[in-house]
Trainee: 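Once you've had a glance at the structure underneath, I'll fire off some questions.
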Amino acid sequence: MKISYTPKEIMTIMAAREIKNGDIVFSGTGISMLAAMAAKKINAPDSVIFFETGAMDSLLEEIPFAVADPRIMYWAAANSSLTDAFATMQNRITGDRVIAILGAAQIDPYGNLNTTCIGDYYSPDVRFSGSGGGCDVASFVPRCIAFMQHEKRKFVKKLDYLTSPGQLTGNGSREAAGLRPGGVSVVVTNLGVMRFDAHTGRMYLDRCYPGTTPDMILEHTGFAMDVSRAVQADPPTDSELKILRENCDPQRLILGPAG
Amino acid sequence: MKISYTPKEIMTIMAAREIKNGDIVFSGTGISMLAAMAAKKINAPDSVIFFETGAMDSLLEEIPFAVADPRIMYWAAANSSLTDAFATMQNRITGDRVIAILGAAQIDPYGNLNTTCIGDYYSPDVRFSGSGGGCDVASFVPRCIAFMQHEKRKFVKKLDYLTSPGQLTGNGSREAAGLRPGGVSVVVTNLGVMRFDAHTGRMYLDRCYPGTTPDMILEHTGFAMDVSRAVQADPPTDSELKILRENCDPQRLILGPAG
Amino acid sequence: MNNDTDKTMPLAEAVTRFVKTGAHISIGGFTLNRNPMAAVYEIIRQKITDLHLYAHSNGTGLDELVGAGCISKLEIAYGGNGKAAPTCIRFARAIQNNEIQFEDYSNYMMSLRFMAGAMGVPFLPTLSGLGSDMLTTWGFSESMRRSDPKIVDRKLAVVDNPFGNWGGAKKVVAVPAINPDVTIIHVQQADPMGTCRIQGLTFADVEQAKASRHVIVTCEQLVEKGVLRENPDMNQIPFIHVSAVCHVPFGGYPTAVYGHYDYDAQYLKQFAAAARDENAFTAYQDRFIFGVDNHGQFLKQVGKDRLEAVAADPRTGYSVNMKRD
Amino acid sequence: MNNDTDKTMPLAEAVTRFVKTGAHISIGGFTLNRNPMAAVYEIIRQKITDLHLYAHSNGTGLDELVGAGCISKLEIAYGGNGKAAPTCIRFARAIQNNEIQFEDYSNYMMSLRFMAGAMGVPFLPTLSGLGSDMLTTWGFSESMRRSDPKIVDRKLAVVDNPFGNWGGAKKVVAVPAINPDVTIIHVQQADPMGTCRIQGLTFADVEQAKASRHVIVTCEQLVEKGVLRENPDMNQIPFIHVSAVCHVPFGGYPTAVYGHYDYDAQYLKQFAAAARDENAFTAYQDRFIFGVDNHGQFLKQVGKDRLEAVAADPRTGYSVNMKRD
């Protein structure tokens with residue numbers, strides 16, 4: 001019998017599976033928050049969620065809608081400040097245990113992200129919010145999950161603005177620039193899961209979903225991508241979906257209408 | 001009729017008179033603490049006492065015996081940390097309002113202080129506590145009072161170790177070294193009050209006490225000092241001594257036996 | 001004198017005295033939390049313009065000030081405001097229409113810049129941003145920077161680690177200190193001398209306050225000195241940093257003030273909707289800002305029901321099960 | 001694993017596991033306040049040697065460790081201990097007799113070095129020390145520094161301000177980061193996972209803890225997780241930084257622990273007196289350290305009357321009118 005789920009649901013589960021027990025999870029809001037909560041309830045009970053605003057291990061009785069939502073201040077291990085939160089990631093002792101979840105308007109073949117603008121920087125066609133903590137996180141931590149809608153205009157050869165560093169131009173250029181190894185290490189979209197080659201630093205297709213194919217994914221990608229390593233992802237299990245739907249977002253505030 | 005007082009009492013009053021209303025007073029313990037308390041009760045009611053350990057405007061119901069004495073933590077405006085306390089002095093906005101009170105084992109003609117050692121640094125005849133916050137304070141704040149016993153071996157041509165910068169070698173060498181104007185601006189001893197020439201940065205005798213003379217003071221000073229500007233200090237007044245003795249240190253914990 | 005004397009005054013007076021045309025300012029809070037909104041509306045009402053705003057992620061206050069045309073120069077990390085406006089609408093328009101000069105940094109960079117100002121050092125080092133366009137693309141041109149002594153000559157600088165590879169870094173990004181003319185924060189409790197107690201996350205308020213020449217504090221509760229002295233450990237800002245104290249209940253509304261009230265999702269949505277249309281936006285401003293004389297009247301305009309809807313639950317500090325979408 | 005799991009263990013086990021011969025360590029507190037004395041005595045009792053100690057002003061713990069010969073290398077700002085010992089006696093002797101290698105810094109420099117370690121940057125800048133012998137006189141030789149990868153190659157470095165005269169400084173002193181193998185702090189309250197609440201001044205404990213690979217927390221009160229979660233604003237160190245939690249009442253004695261007990265001026269005077277005479281010092285150690293198996297027995301040796309004499313008054317947090325001279 002076939003299990004049905006929405007694109008948002010499979011994306012959340014795929015991201016949740018990236019989180020290991022013991023990880024310190026840097027979370028934004030929306031689907032990234034949901035993935036962090038799902039991981040804690042499904043596969044990584046001893047993972048810790050924290051926010052750039054300074055809240056560590058918040059109870060999250062209600063889903064926060066912003067990283068400054070008062071809901072993250074309740075029953076935390078500690079409430080501190082921006083400088084403390086970013087120091088936790090820049091500090092190798094704690095930072096190496098952090099996995100971050102980011103979003104972006106554009107991503108390039110080397111996992112660099114643009115959250116600043118489309119078009120000319122000085123008078124853009126579309127201006128976005130900007131870095132926020134994105135550039136800091138991508139600079140500091142060894143593992144980042146990027147959530148993207150898989151579209152040609154978002155998967156581009158060259159970013160209009162490089163907000164958050166990934167592998168830069170690949171082949172060790174990140175480390176050559178003075179950054180520690182890290183940046184976006186996995187991209188989770190509505191069509192599949194992408195990773196980056198250990199040597200070239202270039203994006204490759206790692207997993208298709210039930211119902212998606214390498215060709216379909218290439219069609220939605222604005223640059224050439226190695227698909228030779230692609231296999232099918234294990235679909236979300238009954239229990240994964242049950243916990244996600246019933247324990248993480250019962251009101252479907254973030255998951256939206258059921259499929 | 002003649003007012004009698006001890007050397008410690010006149011030193012405390014002379015230092016207290018240096019503190020102006022509105023000053024933020026960086027205080028150590030012992031006589032420097034007493035001078036700060038006396039100023040607040042006599043001539044500078046709106047002065048604020050703080051400590052390098054992070055306590056701001058403590059109530060001081062009892063005299064603290066160390067800058068980490070729990071007596072400074074009670075009824076303060078804020079209890080913070082070392083980094084916060086020193087930032088308050090390094091920060092020009094608040095630092096320019098700070099007057100500090102320091103002690104030393106040696107002082108030179110340019111108001112540089114040694115609190116580290118006598119003899120060779122690597123195997124000294126006498127090792128002292130070291131800088132503590134002294135070097136930081138002398139580097140940061142515009143006005144410092146140095147309390148000294150007036151002895152040849154303490155007023156020396158050259159320090160065995162320059163722990164806390166004053167005017168360095170004078171003639172603007174402090175600013176040339178990259179420091180802001182500041183450092184020890186007045187020296188209060190058991191014999192008199194010394195200040196520093198605005199141009200040469202060299203120590204000169206500003207005030208004798210009743211019963212002391214420029215010659216007597218030069219005899220106890222290990223270097224040549226201009227005494228041409230010396231006049232007699234106004235002795236402590238009845239009311240100054242009354243407040244010091246009755247409201248600041250009634251048990252004479254710091255003042256010691258009455259003269 | 002920023003000492004232990006009574007600094008209470010009406011908000012309008014504090015804004016008039018300390019927020020001058022052309023001033024370099026910063027405001028406390030983060031996106032939809034603890035922005036000093038009463039002061040923001042007062043600045044708009046007094047039509048103070050040509051302001052240079054330093055912001056990390058001050059979403060709600062930022063978009064009101066930009067929308068009202070008070071800001072001519074902006075140094076910012078993040079122009080978003082949660083679910084209501086993933087990108088602040090007036091902020092995006094102002095940039096797209098070349099109405100303001102702007103400079104992009106990251107949240108950590110901006111926080112460190114305030115921290116450097118608070119510490120009294122010219123810069124602080126970080127490993128953030130190496131290889132990014134933040135280093136190479138300057139919103140403020142070099143000539144504009146050199147012509148204005150209040151703006152640092154370089155946006156950022158890459159500096160070699162003088163200790164070799166110590167700390168595992170051969171080079172660092174130096175971020176220049178910020179010392180605003182005035183910072184405005186909204187806190188839960190303050191005493192008349194300006195000592196502040198913030199409840200919940202402090203964001204970068206403490207660094208911003210200590211970096212500034214003048215600090216205006218608006219507070220939910222104005223308390224006797226003794227109330228805060230009972231527990232000095234909980235007071236993040238001692239009075240020596242503060243120039244003015246203004247007692248303004250609901251002074252953070254429509255943003256959240258932990259332990260007192262939640263953000264008003266409905267108000268923020270209504271603002272975002274109005275912000276998209278010039279006529280609607282003018283109508284919004286006329287009704288809520290120019291149509292009232294002070295924050296008290298603004299709150300009347302908002303209505304009791306809204307204030308009751310956002311009232312904080314004493315256990316959690318926010319409004320439990322409040323309608324937020 | 002430094003996560004949300006029970007980390008409680010006996011102090012002897014924590015010291016054995018995390019404080020190895022030759023380790024680089026730091027201890028919390030300041031002069032006669034909140035030193036982790038139970039842990040200091042346990043280190044001495046276990047005869048752990050060749051330790052490299054990073055200290056700002058940890059007077060009481062410092063002089064016990066130096067006196068017991070546990071320390072071979074010392075980086076320090078201040079070796080004094082209040083009225084009882086304006087200069088720590090064993091510290092001064094060890095230097096005068098060339099028994100330890102030492103390096104002098106200032107209190108702010110040492111605090112910034114821990115802060116740099118906590119922030120994950122290789123150095124932090126300050127204006128302190130320009131023109132002083134601290135910059136030019138190195139206790140650790142360049143060759144010794146280069147031969148030991150755990151010691152930075154340069155003591156300090158003067159760096160030009162990359163932003164010209166921005167912030168009113170043409171150059172700054174860069175102080176190198178410290179990342180100790182282990183830091184030991186004593187706090188008023190901790191939960192089994194290691195989240196800490198310090199009452200009163202934090203000194204540099206928070207920076208020291210966050211800079212360290214491992215943190216041993218000794219606490220007056222071991223409380224349920226929920227007790228500290230009720231007010232997260234008051235918790236300075238979250239559990240992610242902590243490796244071991246040891247419940248040791250009076251674990252700071254003979255130093256003060258605000259709200260619990262005062263420093264014992266009499267004990268400190270007795271220590272200072274013994275420290276001046278080799279036989280007396282050996283007798284002191286035999287009686288109070290080697291003659292007991294743990295801190296509980298040490299406290300019995302000290303005697304109930306002393307503990308009662310230093311008991312804190314609930315209003316002020318210290319022992320009112322205690323005999324201190």
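All chains are named by letter (A, B, ...) in the order of the sequence lines, taking the proteins before the strands, and each is independently numbered beginning at 1.
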Trainee: So which residues of residues 195-206 of chain D are in contact with chain C at a heavy-atom cut-off of under 4.5 Å?
Mentor: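 The list, in residue order, reads D:I198, D:Q199, D:G200.
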Trainee: Spell out the residues in residues 125-140 of chain D that have some non-hydrogen atom less than 4.5 Å away from a non-hydrogen atom of chain C, in order of number; otherwise answer 'none'.
Mentor: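 Residues in range: D:P125, D:T126, D:L127.
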Trainee: Hey, which of D:V152, D:L124, D:N165 has the most heavy atom pairs under 4.5 Å with chain C?
Mentor: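 Greatest number of close heavy-atom pairs with chain C: D:V152.
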Trainee: What option among D:V158, D:L156, D:N179, D:D160 has the most heavy-atom pairs under 4.5 Å with chain C?
Mentor: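 Most pairs with chain C among the choices: D:L156.
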Trainee: Quick one: pull up CD in C:E230 and CZ in D:R315 and give me the separation to the nearest 0.5 Å.
Mentor: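 Nearest 0.5 Å value for the CD-CZ distance: 9.5 Å.
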Trainee: Which one of D:N231, D:N161, D:V159 has the most heavy-atom pairs closer than 4.5 Å to chain C?
Mentor: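 Max contact count across the listed options: D:N161.
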Trainee: Please classify the contact between D:Y108 and chain C as side chain, backbone, both or neither, with a heavy-atom cut-off of under 4.5 Å.
Mentor: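 It is the side chain, since no backbone atom gets that close.
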Trainee: Specify the closest pair of heavy atoms between C:P176 and D:W166, including all atoms of both residues, with the distance to one decimal.
Mentor: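 Residues C:P176 and D:W166, closest heavy atoms: CB-NE1, 3.9 Å.
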Trainee: By side chain to side chain donor-acceptor pair (under 3.5 Å), which residues pair with C:K171, not counting sequence neighbours?
Mentor: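 C:K171 satisfies side chain to side chain donor-acceptor pair (under 3.5 Å) with no residue once adjacent residues are dropped.
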Trainee: I need the D:D153 CG to C:F163 CZ distance, nearest 0.5 Å.
Mentor: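 CZ of C:F163 is found 10.0 Å from CG of D:D153.
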Trainee: Testing the basics here: between C:A169 and D:P122, what is the closest heavy-atom pair and its distance to 0.1 Å?
Mentor: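 Here C:A169 and D:P122 meet closest at CB-CG, 4.1 Å.
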Trainee: Sort D:V175 into side chain, backbone, both or neither according to what part of it lies under 4.5 angstrom from a heavy atom of chain C.
Mentor: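 The backbone, not the side chain.
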Trainee: Check whether D:I151 gets within reach of chain C through its side chain, its backbone, both or neither, counting any heavy atom under 4.5 Å.
Mentor: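 Contact with chain C involves the backbone of D:I151 alone.
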Trainee: Apply side chain to side chain donor-acceptor pair (under 3.5 Å) to C:D233 and list each qualifying residue two or more places apart in sequence or on a separate chain.
Mentor: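 If we apply the side chain to side chain donor-acceptor pair (under 3.5 Å) test to C:D233, skipping adjacent residues, the hits are B:N79.
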Trainee: Just checking C:K170: does its NZ atom have more than 12 heavy atoms from other residues, nucleotides or ligands closer to it than 6.0 angstrom?
Mentor: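 Not buried by this count: 12 neighbours or fewer within 6.0 Å.
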Trainee: Among C:G120, C:A157, C:G167, which residue has the highest count of heavy-atom pairs closer than 4.5 Å to chain D?
Mentor: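 Among the listed options, the one with the most contacts to chain D is C:A157.
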